[in-house]
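One structure is given below, encoded as structure tokens.
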Number of protein chains: 2
Amino acid sequence: MGEDQITAPSTITDAALRPFVGFNLKRAWNVIHADLSQTLEPLGLRMITFSALVLIGENPGLSQAQLAAALSVERPNLVAVTDELSAKGLVSRNRLPADRRAYALQLTGTGARLLAQASEAVHAHEARLYAALSVDERRILRAALTKIETAPRG
Amino acid sequence: MGEDQITAPSTITDAALRPFVGFNLKRAWNVIHADLSQTLEPLGLRMITFSALVLIGENPGLSQAQLAAALSVERPNLVAVTDELSAKGLVSRNRLPADRRAYALQLTGTGARLLAQASEAVHAHEARLYAALSVDERRILRAALTKIETAPRG
DNA sequence: TGCATTTGTTATAATCTATACCCATTCGGG
DNA sequence: CCCGAATGGGTATAGATTATAACAAATGCA
């Protein structure tokens with residue numbers, strides 16, 4: 001009838017956390033983030049600078065405020081990004097004649113070439129990371145993620 | 001034949017970033033993270049402290065090293081978590097007689113009650129955030145996330 | 001003209017994460 | 001039994017990310 005001796009469990013289980021979608025999604029994001037960062041690192045890019053390059057290439061001439069909004073980043077936090085891209089000669093910042101407050105962001109030739117190279121690397125990264133997913137699974141995954149993104153907030 | 005005047009585009013598009021699964025997943029994670037933090041805040045919990053409570057409840061007596069591994073957190077970063085849970089009287093830290101280096105972490109009565117309350121709130125948060133997903137979509141989403149988590153890394 | 005707004009920017013703070021190092025304790029091989 | 005390696009908890013610290021306040025220059029509107 002003695003008290004049970006306190007001992008540490010020999011194996012730890014996740015089972016109570018696994019039913020939460022958010023937990024699984026965070027774990028998947030950790031894997032993606034680590035692998036993608038590693039993919040971009042040899043190109044001298046981070047996730048945020050790669051995303052910025054893509055958006056500038058797709059929307060040439062956009063302003064930093066527009067880019068910040070598109071990236072869901074606060075304007076002050078974008079300054080370091082554009083500074084970095086400009087210092088590397090990947091992006092040009094020209095004052096707009098029509099609005100001398102704003103910069104028109106454009107890819108340089110070097111920037112366009114690095115973007116093409118980085119896009120290829122990121123596609124390879126995704127192909128490797130999602131190799132186990134069928135076409136249907138990928139389609140449903142993307143649809144589900146979009147629904148979550150636009151879900152009604154608390 | 002003059003040069004085109006540089007002007008900022010009137011609308012910005014995501015289209016070049018959307019094909020990347022990682023981009024969609026990060027956006028979804030941002031939404032989940034914000035909504036879940038807001039859900040836990042009135043209970044005095046953060047994501048990491050809630051997850052810790054769940055794991056301690058599920059694996060009573062586990063050590064901090066075991067908990068850190070289960071949470072994918074470095075041991076130094078877990079100290080603030082257990083300190084916080086202990087200070088709030090939610091978790092007890094008792095030295096193991098068998099190994100006086102380690103703590104046996106256990107929920108207190110208060111901790112168990114708060115965990116039940118928080119679990120209910122998190123389930124409600126997930127029900128709301130994933131309301132637009134069908135049963136099949138949720139199943140495939142979770143399966144896909146698990147496959148990503150265990151995908152071969154670069 | 002005058003005033004609110006916008007753009008880019010600086011400074012600053014909060015949070016999260018990762019590494020190096022420390023001490024006490026435990027473990028394993030000789 | 002003894003000593004070195006490994007482990008558990010902890011401190012200090014640095015880096016990265018994110019958020020807010022405030023500012024000057026420029027713009028737009030009443």
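Labels below follow one simple rule: chain letters A, B, ... track the order of the sequence lines, proteins then strands, and each chain is numbered from 1. Nothing here was measured: the structure is a model prediction, and the numbers come from that model.
Residue pairs that meet the salt bridge (Lys or Arg N to Asp or Glu O under 4.0 Å) test with at least one member in residues 132-142 of chain B, sequence neighbours left out, are K147(A)-E137(B), D136(B)-R139(B). Applying the salt bridge (Lys or Arg N to Asp or Glu O under 4.0 Å) test to every pair with at least one member in residues 109-121 of chain B, sequence neighbours left out, gives no pairs at all. Within the structure, no pair that satisfies the salt bridge (Lys or Arg N to Asp or Glu O under 4.0 Å) test touches residues 51-66 of chain A, not counting sequence neighbours.
Across residues 64-72 of chain B, not one residue has a non-hydrogen atom less than 4.0 Å from an atom of DNA chain C.
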Do R93(B) and Q106(B) pass the side-chain hydrogen bond (donor to acceptor under 3.5 Å, both in side chains) test, and can you show the C-alpha distance, the side-chain angles, and the key distance before you say yes or no?
-> CA-CA 7 Å; R93(B) 279 190 289 200; Q106(B) 284 176 303; over 6 Å; no

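Rotation axes derived from the C1' atoms of the five outermost pairs at either end of the helix from dT1(C)-dA30(D) to dG30(C)-dC1(D) lie 20° apart, to the nearest 10°.
Scanning both residues, R128(A) and D35(A), for their nearest heavy atoms gives NH1-OD2, 3.1 Å. Taking every heavy atom of both residues into account, A121(A) and T39(A) meet most closely at O-CG2, 3.6 Å.
Taking atom CG of residue L62(B) and atom P of nucleotide dT7(D), one finds them 18 Å apart after rounding to whole Å. Rounded to whole Å, the distance from CG on L105(B) to C1' on dG8(D) is 12 Å. The CZ-C1' distance, from R95(B) to dT7(D), rounds to 13 Å in whole Å.
In the hydrophobic clustering, where aliphatic and aromatic side chains (Ile, Leu, Val, Met, Phe, Trp, Tyr) are joined below 4.5 Å either directly or transitively, I140(A) groups with I140(B).
Every residue was checked against the salt bridge (charged side-chain N to carboxylate O under 4.0 Å, His left out) condition with R75(B), not counting sequence neighbours, and none meets it. Applying the salt bridge (charged side-chain N to carboxylate O under 4.0 Å, His left out) test to R100(B) and every residue at least two apart in sequence or in another chain returns nothing. F20(A) meets the ring pair (Phe, Tyr, Trp, His ring centres under 6.0 Å) test with F50(B), H123(B); sequence neighbours excluded. E74(A) pairs by the salt bridge (charged side-chain N to carboxylate O under 4.0 Å, His left out) definition with nothing, not counting sequence neighbours.
A salt bridge does not link K88(A) to D83(A): none of the charged nitrogens lies less than 4.0 Å from a carboxylate oxygen.
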Show me the protein contacts with nucleotides 11-18 of chain D, counting only N or O atoms at under 3.5 Å.
from: dT17(D); atom 1: OP2; to: R46(A); atom 2: NH1; distance (Å): 2.8

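With L53(B) as the partner, the side chain to side chain contact (heavy atoms under 4.5 Å, CB included) test is satisfied by one option alone out of L105(B), L107(B), I48(B): L107(B).
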Would you mind building the protein contact string for nucleotides 24-30 of chain D? One character per nucleotide, 5' to 3', B for base within reach (heavy atoms under 4.0 Å), S for sugar-phosphate only, - for untouched.
-> -BBS---

